[in-house]
2 protein chains.
Amino acid sequence: MAKENRKSTQEKLLLAARRLFCRAGIHATGITRILEEAGVARGSLYKHYGSKENLLKAVFDTEANMWFHWFDLDLPNLECSVRERILALFDLLEKWFEKEDFFGCVFINAVAEHEKDSRWVKDVAGAYRDQIIDRLKALVVESGARDSEVVTQKLGLIIEGAIVTAMVTQNSKAAHIARLAAEDVLRCTECSPSLSESPAPFATDSAMEPV
Amino acid sequence: MAKENRKSTQEKLLLAARRLFCRAGIHATGITRILEEAGVARGSLYKHYGSKENLLKAVFDTEANMWFHWFDLDLPNLECSVRERILALFDLLEKWFEKEDFFGCVFINAVAEHEKDSRWVKDVAGAYRDQIIDRLKALVVESGARDSEVVTQKLGLIIEGAIVTAMVTQNSKAAHIARLAAEDVLRCTECSPSLSESPAPFATDSAMEPV
DNA sequence: TCAATAATAGACCGATCAGTCTATTTTTAT
DNA sequence: ATAAAAATAGACTGATCGGTCTATTATTGA
């Protein structure tokens, strides 16, 4: 008989939960629906994860690992400049958005639908976010950009905008738009050391020095 | 005696619902909690709105009206260039983020926690989003930017990134970062013809495995 | 003043939720 | 081969959900 199902029970639960939490929402997803989609018995879920909340935490782990894999394995292997490596991140985003089971970022979605004062969701999601931003900042610093902190925050904001835009519009082209915006940010960064608070962005001093 | 409560029953329900839907999430917010916070009887909610879903739609209306007010009343009254008007939008965002009851955008949050295939949430939220983007694009076109479509999408993406970043970090400075990024986009836009001839740091397609 | 309207408190309903538990079958390791 | 471990189906619980309904009190307008 066919017995190609090599995935462990934990893995099946994790994949179904990740998919459903993002596609249907966390509160709107009942345990029973996860079990149906995973093809797993009720008791197994509570044996492995103990609670729906712990299952969500495990989903957080897998999504964080996706990001860490990008930053720690995929991007470093590219034979290109640091700047190109930063921009390549948006190509990875596009690949992600194109997946048929992309329905937004589970961190963002979880924060969106949970009590904003509650400790644990913001703490867990925030901690992972910090680790991801740290890796982004390391790239920015390595690129030699001035004001790396602000550049990092700009890029992080553009990444989050891309994720949300892709979720809302269900269109992966948000990654391409985000890349173009990131290119603008990087271009302005390298040619203008004094962008900070200038209320006159119309100054024709934009001597746009390309590389 | 004190009878300063001039707000109508509808208004009290609307304000409490908007606040709670964003602060605690839509699914996580029970009817009873809305009634408590609004100080209104159960029957009144169903008399005025008929269902929780209709109440959410009414909340959508109020948030959309905030945006329309910005674009149709606040920004046009500014005595400044179109470009400055576009950037002033981010100052309005900052004011919004600074409010003690800012907990994200109800459209984004609603999409995040509802079935992604479901008709009505994406349709209603998407329709409002289109109207807002249309107004943004009108400003971009008025500014004389080339490729106004792409510029509009970049700015829209930055706006959504600002909203989500502000929600996740609970820090209104996301608006400032977003404004800086928008300035970069606009700066690159106005000098865009000279950019195409530069040795642009465009990465070629990278052979990379998606996770 | 007085009838119509609006708002109130709160009991109540069926459905669904996360989580527990038991009894049985399948898988695994030795 | 066999005993331990893992997974199964599904009944069950107490709580909470959105929504209905009734009976009572305030508010309003002519």
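Lettering of chains follows the sequences in order, A, B, ..., and the numbering in each one begins at 1.
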Task: Whether A:F60 and A:W120 hold their rings parallel, tilted or perpendicular, with breakpoints at 30° and 60° - done: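 Tilted.
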Task: Euclidean distance, atom CG of residue A:L13 to atom C1' of D:dT8 [Å, nearest integer] - done: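 In whole Å, D:dT8 C1' and A:L13 CG are 13 Å from each other.
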Task: Nearest-angstrom distance from the residue atom CZ of A:F21 to C1' of C:dA18 - done: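 For the pair A:F21 CZ and C:dA18 C1', the rounded distance is 11 Å.
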Task: Presence of salt bridge, B:R33 and B:E37, under 4.0 angstrom - done: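 Not counted as a salt bridge, because no side-chain N and carboxylate O are separated by less than 4.0 Å.
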Task: SB check B:D184 B:R187 (cutoff 4.0 Å) - done: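 Counted as a salt bridge, because a side-chain N and a carboxylate O are separated by less than 4.0 Å.
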Open item on the list: With each end axis built from five pairs of C1' atoms, what bend angle do you get for the helix from C:dT1-D:dA30 to C:dT30-D:dA1? Round to 10°.
Closed with: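 About 30°, once rounded to a multiple of 10°.
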Side chain to side chain, [X] and [Y], heavy atoms closer than 4.5 Å:
{"X": "B:V168", "Y": "A:F107", "value": "no"}
{"X": "A:R135", "Y": "A:L89", "value": "no"}
{"X": "B:K116", "Y": "A:M167", "value": "yes"}

Task: Where B:A182 and B:L155 come nearest, the two heavy atoms and their spacing - done: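 Smallest heavy-atom distance, with atoms named: CB-CD2, 3.7 Å.
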TODO: Enumerate the residues from residues 43-57 of chain A whose closest heavy atom to DNA chain D is under 4.0 Å, giving them by residue number; use none for an empty result.
DONE: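 Heavy-atom contacts with DNA chain D come from A:S44, A:H48.
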Task: Atom NE2 of A:H176 with >12 non-hydrogen neighbours under 6.0 angstrom - done: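 For A:H176, atom NE2 is not crowded (no more than 12 foreign heavy atoms under 6.0 Å).
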Open item on the list: On the side chain of A:R42, is there an atom forming a donor-acceptor pair with the base of D:dG10 - under 3.5 Å, no angle test?
Closed with: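 No, no donor-acceptor pair under 3.5 Å.
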